[in-house]
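Naming: A, B, ... by sequence-line order, numbering from 1 per chain. It should be emphasised that the depicted structure is a prediction, and the values quoted were computed from it without experimental measurement.
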2 protein chains.
Amino acid sequence: MQLAIHLDSTSTVPLHRQLYEQLRQRILSGQLLPGQRLPSTRILAELLAISRTTASLGYEHLLSEGYLQAHRGSGTCVCTQLPEQLLQAASPIVSVPSIGGSPRLSRYGAGLSEARMLLGKVSPPPSINFRYGPPAFDALPLQQWRRLLTRHCRCSPGVLDYATDPLGYHPLRESIARYLTRSRAVRCTADQMLIVSGSQQALDLTTRLLVDPSDVVALEDPGYLGARHAFLAQGAILLGLPVDSEGMVMEQLTGQPPGTVKLVYVTPSHQFPTGSVLSLPRRLELLAWAKASNALVVEDDYDSEYRYGGRPIPALQGLDRGDSVIYVGTFSKVLFPSLRLGYLVVPLELMPVFARARWLTDRHSPLLEQYVLRDFIEEGFLERHIRRMRRLYAERRQVLVETLHAHLGNRASVLGEEAGMHVLVRFQTHLSDEALVARAAEAGVGLTSAAANYLHSDVQGEFILGYADLTPERLVEGVVRIARILDAKE
Amino acid sequence: MQLAIHLDSTSTVPLHRQLYEQLRQRILSGQLLPGQRLPSTRILAELLAISRTTASLGYEHLLSEGYLQAHRGSGTCVCTQLPEQLLQAASPIVSVPSIGGSPRLSRYGAGLSEARMLLGKVSPPPSINFRYGPPAFDALPLQQWRRLLTRHCRCSPGVLDYATDPLGYHPLRESIARYLTRSRAVRCTADQMLIVSGSQQALDLTTRLLVDPSDVVALEDPGYLGARHAFLAQGAILLGLPVDSEGMVMEQLTGQPPGTVKLVYVTPSHQFPTGSVLSLPRRLELLAWAKASNALVVEDDYDSEYRYGGRPIPALQGLDRGDSVIYVGTFSKVLFPSLRLGYLVVPLELMPVFARARWLTDRHSPLLEQYVLRDFIEEGFLERHIRRMRRLYAERRQVLVETLHAHLGNRASVLGEEAGMHVLVRFQTHLSDEALVARAAEAGVGLTSAAANYLHSDVQGEFILGYADLTPERLVEGVVRIARILDAKE
């Protein structure tokens, strides 16, 4: 196979990036056709006289952006389902007209306009929605919240003016630092704490400040889409690390030449979406690797408040002795998503640049909610609420798991029982994920396939079932309806 | 003078960028010394066999980042006050160690860590602070606001869950679109309207989506620092356009080769900080230029609600027939800054990519405040409040201007009387701006020099005096104290 790829080793553009660009252009121009098989990385490396790592990185990038697909045993080929909008949106990038036509997007903007990304949620929502994310809305202590809102909504420049510090309201940062120290064994003071609008802003700021286009970011596969999209938008090359019952598997990371991987994104408390907990030996291995490689680890502790069995494993951040961990948390799950408050714990030396970035990006988070949240924590409402929700969600989880066993038997295996607000379920069915989601929607049930969470394998039959905002009655009814669909097939 | 600069015309890096990088490295390494004079752009162009535009762009970039300074009549030299921290922060960029040492920042992060940028406000604040920005905090209709907060803070997923649309709460977007149509002659529907966390996020998103490093952005000189910093952080090259009594002067913009300037930032209603209004002929010229050049104009209408003389000139956006204008507004000034709500009106074709960027950046703005603001507008509170504040600020402005005349006579000329919440004042004094600011601070008076608002001339003696949050008594007392300082000198 003649690929006609010419790499320039004297260029400042890394070889894997050149490889990526040239293959991408050949796909977009139709020189490489959908379904066409590409040489293995070993053969490609020989053909082009490059290292196998370079070849793999070029492929990884194309795989993670959906230009290529990999099938176990049958190698790598051009994606058969190159979406129409991808090809259309891509043309202005391949040949940008400098004058005339529509506004020219930046590289970042052009990347976004190509990305396949789900925005917000679908409407109208199904009557029983197993979607992941929302807390039990009807159990929120909003009476206290409202009372605190009224308390702080006063004609005082302190709460109405620009914040004196883009990092956030200092008493709130102190409250959260104390809370994390006692509940998560995070080692931090308010001086390392940055209030953000949620974990997405935490990931966006971190990526923007630390990742350049073509930098390599490692992350769990399957993993969290919000993180993957943030890295891809910045032009990062993704290195997917497999996951087993002890969490992220480290070999492919530690086997990379030193300096290759810049950042690792990990969900150690409850791996998303499998729910497995990163074991202590792997935690120590990850930290040792990060220190030796001068890399940073982003620890997303998105739902660690909710655990039901086993001892809590302290946060990775608290084990770290090398200033290698950026710790991310959010109030979207323990309170409510539209609040838009979360936090970042960052090595001290990085705080000034995070402060500058936040000030330039959007100044700071709204202050009234920060005052309210501070009192909400200090007056004990937050931890009381979390304790109540832990009981409520444990009960709902049990109902869901038992009902799945009762109605589906061995046609449903629960994989991610450890996670705090969802389970990962594998259904035995001949239906494709797409077909099952469609039939469930017809029956008023919202299902989310985990296929998109895999970087580039075509796993089918796995579903992320959120249960936090569903009463036991609705959980049972939802499972009954799913069972009916799976029965009808057979 | 031997500069030993070698430009590679076969490189993909633009020549002006190569010129910038090489001069910058020579300054940082000490090969070019502080105060050392550089050749004129004409001579440099001849020396290097490049166009004069290329030479100018390279210089502009270095001037706007503070590496060079220009003096009328004496040419361009290396800045004499290269701050220590600049030199220190820059060293890891000149030679980045790939392993070991502190975390490696991205290009964006490294740029920020070098930037000279004021964060938040100084503390403790002076007792009489003429700072620009804050509204009259004690005149805010917070009773209505609080009532609406209580109304909407309910256990309803609608207000507590993730927004269904990252662009913002649709009824609020409709309310703002109607408000802008009737009060500002903006031509838009809710479908072109994006709720953001204020004008800074509007500028950041716009820059990120439309500007690549080394793109040329034109802006008023003097101008608004928040915009300049956002463009610089993205690596843009700034082209400063002078300002006169009819607003931004167009020659340097229209004289550029087509396609050179990608984006123009302008404050047409009240040029910041001079207060002059962009005349209709210039508006039409700007729009015609933008259409012909396929460039975008960012119209920052930050305080147009407050005007006291003359007929209102409709927004530039409403005059545009070519989809060339992005319109930016904020509630930080008509309501309060810590609210963090503003809006963008964007050409329809750009909406999908703005939605994606917002979702990836920080999802969306908090919902509760969006519900409250919508009712606040629909129930007529916003426009009633604006009418009240227009009277209040007109009175305060008059007190300030009259007191300046009475106490300082011709030692103070008011330059920016048209602006809504500040005046630009030129003091006749032998004190440097720095010295006057320091003496005022000792007297409990906060003064802001306009020197930083100039891109690269060393204008002294101009000050931005905000008056919106100062009662007549405090305005008079403040002026009396300034007069005392100016008297003491003579």
Side-chain angles (χ1 to χ4, degrees), chain A residues 98-100 102-103 105-109 112-113 117 119-121 123 134 137-138 140 142 145-146 149-150 153 155 157 159-162 164-166 197-198 200-201 204 208-212 229-230 233 258-259 294 296 336-340 349 353 355-357 359-363 366-367, chain B residues 98-100 102-103 105-109 112-113 117 119-121 123 134 137-138 140 142 145-146 149-150 153 155 157 159-162 164-166 197-198 200-201 204 208-212 229-230 233 258-259 294 296 336-340 349 353 355-357 359-363 366-367:
Chain A
S98 59
I99 308 284
S102 56
L105 295 173
S106 67
R107 200 198 137 93
Y108 176 84
L112 288 194
S113 81
M117 192 172 72
L119 293 187
K121 53 182 187 186
S123 59
F137 288 118
D138 56 355
L140 286 170
L142 284 189
W145 192 261
R146 207 154 38 206
L149 273 176
T150 313
C153 184
C155 283
V159 70
L160 298 173
D161 202 351
Y162 283 109
T164 48
D165 191 340
S197 79
Q200 194 63 34
Q201 188 174 45
D204 182 59
R208 208 167 170 186
L209 288 173
L210 295 163
V211 177
D212 275 318
H229 285 146
N294 190 31
L296 283 166
F336 51 96
S338 84
L339 177 61
R340 310 310 308 133
E349 60 174 329
V353 76
R356 280 152 180 261
W359 184 246
L360 266 189
T361 305
D362 65 346
R363 300 294 188 226
L367 278 183
Chain B
S98 60
I99 308 283
S102 56
L105 295 174
S106 67
R107 198 197 138 94
Y108 176 86
L112 287 194
S113 82
M117 191 174 70
L119 292 187
K121 52 182 190 188
S123 57
F137 288 118
D138 55 356
L140 286 170
L142 284 188
W145 193 261
R146 205 155 38 207
L149 273 176
T150 313
C153 184
C155 284
V159 69
L160 298 174
D161 202 350
Y162 283 108
T164 47
D165 191 340
S197 79
Q200 195 64 33
Q201 189 175 44
D204 182 58
R208 208 168 170 187
L209 288 174
L210 294 163
V211 177
D212 274 319
H229 286 145
N294 192 28
L296 282 166
F336 51 95
S338 84
L339 177 61
R340 309 310 308 132
E349 61 175 329
V353 75
R356 280 154 181 258
W359 184 246
L360 266 188
T361 306
D362 66 345
R363 300 294 188 223
L367 278 183

Note to self: Could you measure the distance from the CG atom of B:Leu160 to the CH2 atom of A:Trp145? Nearest 0.5 Å is fine.
What the structure shows: 10.5 Å

Item checked: Rounded distance (nearest 0.5 Å) linking atom CZ of A:Phe336 with atom CG of B:Leu367 -> 9.5 Å

Next item on the list: Nearest 0.5 Å please: distance from the CZ atom of A:Arg107 over to the CG atom of B:Asp212.
Entry: 8.0 Å

Notebook entry, point to check: Distance from B:Arg340 atom CZ to A:Ser197 atom OG, nearest 0.5 Å?
Noted result: 12.0 Å

Notebook entry, point to check: Can you name the closest pair of heavy atoms from A:Ser338 and B:Asp161 and give their distance?
Noted result: CB-O, 3.1 Å

Notebook entry, point to check: Side chains of B:Pro366 and A:Pro366: closer than 4.5 Å at any heavy-atom pair?
Noted result: yes

Notebook entry, point to check: Heavy-atom distance under 4.5 Å between the side chains of B:Leu112 and A:Leu209, does that happen here?
Noted result: yes

Checklist line | Part of A:Leu339 lying under 4.5 Å from any heavy atom of chain B | finding: backbone

Next item on the list: Counting only heavy atoms closer than 4.5 Å, note whether A:Val211 contacts chain B via side chain, backbone, both or neither.
Entry: backbone

Check: Nearest 0.5 Å, what's the OG-CZ distance between A:Ser106 and B:Arg208?
Finding: 9.0 Å

Notebook entry, point to check: Where is the tightest heavy-atom contact between B:Leu360 and A:Ala230, given as atom of each residue plus distance?
Noted result: CD2-N, 3.8 Å

Note to self: If you define the side chain from C-beta out and look only at heavy atoms, does anything of B:Thr150 sit under 4.5 Å from A:Thr150?
What the structure shows: yes

